[in-house]
Amino acid sequence: MKTNHTAETASGRNSDRPRKILLTGATGFVGRHLMESWKQRNDKIFAIATNTAPVKSVAPAYITLLDMDIVDEMSVAILFEKIQPDIVVHTAAMTKPNDCEQDKESAFETNTLATKNIAECCKKFNSQLVFLSTDMIFDHPFASSESDDKKPVNYYGETKALAEEEIARSGCRAAILRIILVYGKLLKASRGTFLHWVKDSLEQDKEIFVYTDQHRNTLYVNDLCAMINHILDHGNTGFYHLAGEEIFTPYEIAVKVAEHLHLDTRLIHPVTSGQRPEIARRAAYSVLNTHKAKKELGFVTTPFDVALRESFD
Ligand SMILES: NC(=O)C1=CN([C@@H]2O[C@H](COP(=O)(O)OP(=O)(O)OC[C@H]3O[C@@H](n4cnc5c(N)ncnc54)[C@H](OP(=O)(O)O)[C@@H]3O)[C@@H](O)[C@H]2O)C=CC1
Ligand SMILES: Cc1cn([C@H]2C[C@H](O)[C@@H](COP(=O)(O)OP(=O)(O)O[C@H]3O[C@@H](C)C(=O)[C@@H](O)[C@H]3O)O2)c(=O)[nH]c1=O
């Protein structure tokens with residue numbers, strides 16, 4: 001992976017020609033928000049998922065939706081040959097850590113091998129790659145910086161750490177964005193976030209058990225999309241950590257959601273991870289240091305209370 005901090009020529013912004021953007025993960029939470037944020041772009045956009053049917057009626061008409069399994073190397077190679085994308089925003093992944101722990105083969109194929117193949121195609125067609133990685137490649141009791149040693153907290157984290165290495169090995173131009181517990185508005189035909197799980201549960205009078213011993217600087221999806229769009233326009237490469245300013249436990253977030261929506265906080269039960277362990281281990285303290293992104297990309301974050309309001313507008 002080239003790590004130069006480049007600009008106009010690499011991004012293609014020195015010409016007015018519309019660029020070709022390939023998005024993987026069209027039906028995902030981040031993918032749906034990205035497509036919405038691209039309504040004003042003068043680019044040709046292709047967006048893939050294994051099944052794009054759920055977003056057919058809601059995706060902007062100028063986006064070409066394609067059904068494709070990214071694990072299928074040959075189909076991906078043919079797609080690159082056909083489109084020759086200028087930019088690839090690769091968000092598709094097996095994103096549930098518990099599922100990854102239980103089906104390691106699929107997790108490795110989807111998160112590591114498919115990313116390796118995509119990165120090699122990017123190298124071949126000189127496409128810039130924007131890849132979404134995770135805080136779960138770290139298991140540190142301090143805020144992790146881009147240059148810190150990796151220590152995956154679970155198998156999902158391991159597949160993403162290996163994917164990062166494959167991208168580096170491919171030699172393609174890449175921006176690797178490590179992000180953490182993303183939240184934001186629930187768009188039509190999209191899966192919800194932790195915040196929506198809290199809302200739906202409390203609205204149905206369901207009790208929920210929420211951790212008091214996990215700390216996260218959770219990231220607002222609009223702030224993430226703004227950074228991805230900055231990178232599309234400026235061609236930045238290298239590693240960047242993107243996260244919120246404030247650090248909360250899931251319990252604190254759940255209470256904030258309930259209070260904001262005037263729901264019954266008595267349904268939210270504080271628990272520790274030890275009392276209700278998950279299949280995949282989670283870190284007690286997972287916080288990303290965003291100093292580099294602020295300095296080099298002009299990363300700004302929306303205060304949590306503002307983003308919370310916007311998430312339920
Ligand atoms: N959301 C978060 O809190 C965080 C996310 N990330 C990373 O950000 C990225 C985006 O996450 P998010 O949008 O929340 O993820 P989602 O789980 O919401 O979406 C995943 C997307 O990947 C697609 N996908 C999965 N497997 C395949 C496959 N084999 N072939 C083609 N498409 C596939 C899914 O499509 P379909 O359902 O049709 O298969 C879906 O569109 C991921 O890489 C994730 O690891 C990192 C840290 C935090
Ligand atoms: C389901 C559940 C979650 N939680 C907590 C755990 C966690 O900190 C938070 C969100 O839970 P989730 O299972 O949605 O998230 P989880 O899979 O832990 O988190 C992530 O998603 C993947 C894709 C990532 O890469 C990570 O950055 C991360 O943010 O809520 C509870 O406290 N109680 C519960 O019953």
Side-chain angles (χ1 to χ4, degrees), residues 23-35 47-55 65-72 75-76 89-101 106-107 109-111 113-115 118 130-138 152-154 156-157 159-160 163 176-184 187 189-198 201 206-221 224-225 228 241-243 248-254 268-273 275-284 286-288:
L23 168 73
T24 71
T27 54
F29 182 73
V30 175
R32 282 285 289 116
H33 274 272
L34 272 174
M35 291 199 298
I48 65 173
T50 48
N51 175 18
T52 58
V55 294
L65 292 168
L66 302 162
D67 289 1
M68 180 172 298
D69 184 345
I70 54 163
V71 173
D72 181 349
S75 298
V76 172
V89 183
H90 177 32
T91 78
M94 228 171 118
T95 56
K96 291 196 167 66
N98 295 346
D99 292 351
C100 293
E101 213 67 38
S106 298
E109 280 178 356
T110 311
N111 295 354
L113 291 184
T115 302
I118 286 170
V130 180
F131 174 64
L132 296 188
S133 189
T134 172
D135 59 304
M136 288 189 181
I137 65 161
F138 296 116
V153 71
N154 51 35
Y156 163 74
T159 61
K160 287 286 193 172
I176 295 182
L177 310 181
R178 296 181 183 140
I179 61 175
I180 175 166
L181 198 53
V182 184
Y183 69 100
L187 299 178
S190 163
R191 96 174 155 74
T193 65
F194 170 66
L195 274 61
H196 297 95
W197 168 75
V198 173
S201 305
K206 275 192 203 153
E207 294 185 300
I208 55 173
F209 298 84
V210 189
Y211 300 122
T212 53
D213 59 348
Q214 294 181 2
H215 296 80
R216 310 279 184 262
N217 52 344
T218 182
L219 171 65
Y220 185 36
V221 71
L224 168 61
C225 289
I228 293 176
H241 287 185
L242 301 177
F248 297 116
T249 64
Y251 179 76
E252 288 167 332
I253 296 174
I268 308 171
H269 299 290
V271 290
T272 62
S273 311
Q275 285 173 292
R276 287 176 81 93
E278 294 207 63
I279 296 163
R281 201 171 76 77
R282 307 302 205 270
S286 197
V287 170
L288 295 174

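Ligands are counted one by one from 1 in listed order, and the atoms in each one are counted from 1 as well.
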Item to check | Check: T218 side chain, V182 main-chain N or O, donor-acceptor pair, under 3.5 Å | outcome: no

Checklist entry - Does any donor atom in the side chain of S106 or E109 lie under 3.5 Å from an acceptor atom in the other side chain? => result no

Next on the checklist: For the residue pair D213 / S273, report whether a side-chain donor-acceptor contact shorter than 3.5 Å exists.
Outcome noted: yes

Next on the checklist: At less than 4.0 angstrom from any non-hydrogen atom of A26, what atoms of ligand 1 do you find?
Outcome noted: 41 (O)

Checklist outcome for this item: In terms of its nearest heavy atom to atom 26 (N) of ligand 1, the top option of V182, T110, L224 is T110

Item to check | Heavy-atom gap N51 to ligand 1 smaller than 4.0 Å | outcome: yes

Checklist entry - For ligand 2, what is the set of protein residues having any non-hydrogen atom at a distance below 4.0 Å? => result T95, P97, T134, D135, M136, Y156, I179, I180, L181, F194, W197, F209, V210, Y211, Q214, P250, R282

Checklist entry - Should you measure from each heavy atom of T27, which atoms of ligand 1 turn up under 4.0 Å away? => result 34 (C), 35 (O), 36 (P), 37 (O), 38 (O), 40 (C), 41 (O)

Item to check | Where ligand 1 meets G28 - atom numbers and elements under 4.0 angstrom, heavy-atom basis | outcome: 13 (O), 16 (P), 18 (O), 19 (O), 40 (C), 41 (O)

Checklist entry - Where is the nearest protein heavy atom to atom 36 (P) of ligand 1: which residue, which atom, and how far? => result T50 OG1, 3.0 Å

Next on the checklist: With heavy-atom distances below 4.5 Å as the criterion, would you say the side chains of T27 and N51 are in contact?
Outcome noted: no

Next on the checklist: Please list the nearest protein heavy atom to atom 24 (N) of ligand 1 with its residue and the distance rounded to 0.1 Å.
Outcome noted: A92 CB, 3.8 Å

Checklist entry - Under a heavy-atom criterion of less than 4.0 Å, does R191 contact ligand 1? => result yes

Checklist entry - Heavy atom of S133 under 4.0 Å from ligand 1? => result yes

Checklist entry - For ligand 1, which atoms sit closer than 4.0 Å to a heavy atom of L181? => result 3 (O), 48 (C)

Checklist entry - What residues, two or more places apart in sequence or in another chain, satisfy ring pair (Phe, Tyr, Trp, His ring centres under 6.0 Å) together with H90? => result F131

Checklist entry - Taking it one step at a time, do T52 and L66 satisfy side chain to side chain contact (heavy atoms under 4.5 Å, CB included)? => result CA-CA 7 Å; T52 58; L66 302 162; 5.9 Å; no

Next on the checklist: If the contact criterion is a heavy-atom separation under 4.0 Å, does F131 count as touching ligand 1?
Outcome noted: no

Checklist entry - With atoms numbered from 1 as shown, which atoms in ligand 1 lie under 4.0 angstrom from a non-hydrogen atom of V30? => result 10 (C), 13 (O)

Checklist entry - Among all protein non-hydrogen atoms, which one is nearest to atom 10 (C) of ligand 1, and what is the separation to 0.1 Å? => result T91 O, 3.4 Å

Item to check | Option nearest atom 47 (C) of ligand 1 (shortest heavy-atom distance, choices T218, V55, I179) | outcome: I179

Item to check | Nearest-neighbour protein heavy atom for atom 30 (N) of ligand 1, which is reported as residue plus atom name and distance | outcome: I70 N, 2.9 Å

Checklist entry - What part of T95, side chain, backbone, both or neither, has a heavy atom within less than 4.0 angstrom of ligand 1? => result side chain

Item to check | For the student: nearest non-hydrogen atoms of A26 and M35, plus distance | outcome: O-CE, 3.3 Å

Checklist entry - Do C100 and N111 come close enough that some side-chain heavy atom pair is under 4.5 Å? => result yes

Checklist entry - Is M68 near ligand 1, meaning one of its heavy atoms is under 4.0 Å from it? => result yes

Checklist entry - Is there any N or O on F29 that sits under 3.5 Å from an N or O of ligand 1? => result yes

Checklist entry - By number and element, which atoms of ligand 1 are closer than 4.0 Å to a non-hydrogen atom of L132? => result 8 (O), 9 (C), 43 (O)

Item to check | Interfacing atoms of ligand 1 (cut-off 4.0 Å, heavy-atom, D69) | outcome: 28 (C), 29 (N), 30 (N)

Checklist entry - Is Y156 touching ligand 1 with its side chain, its backbone, both, or neither, if touching means heavy atoms under 4.0 Å apart? => result side chain

Item to check | ligand 1 contact by K160, heavy-atom criterion under 4.0 angstrom | outcome: yes

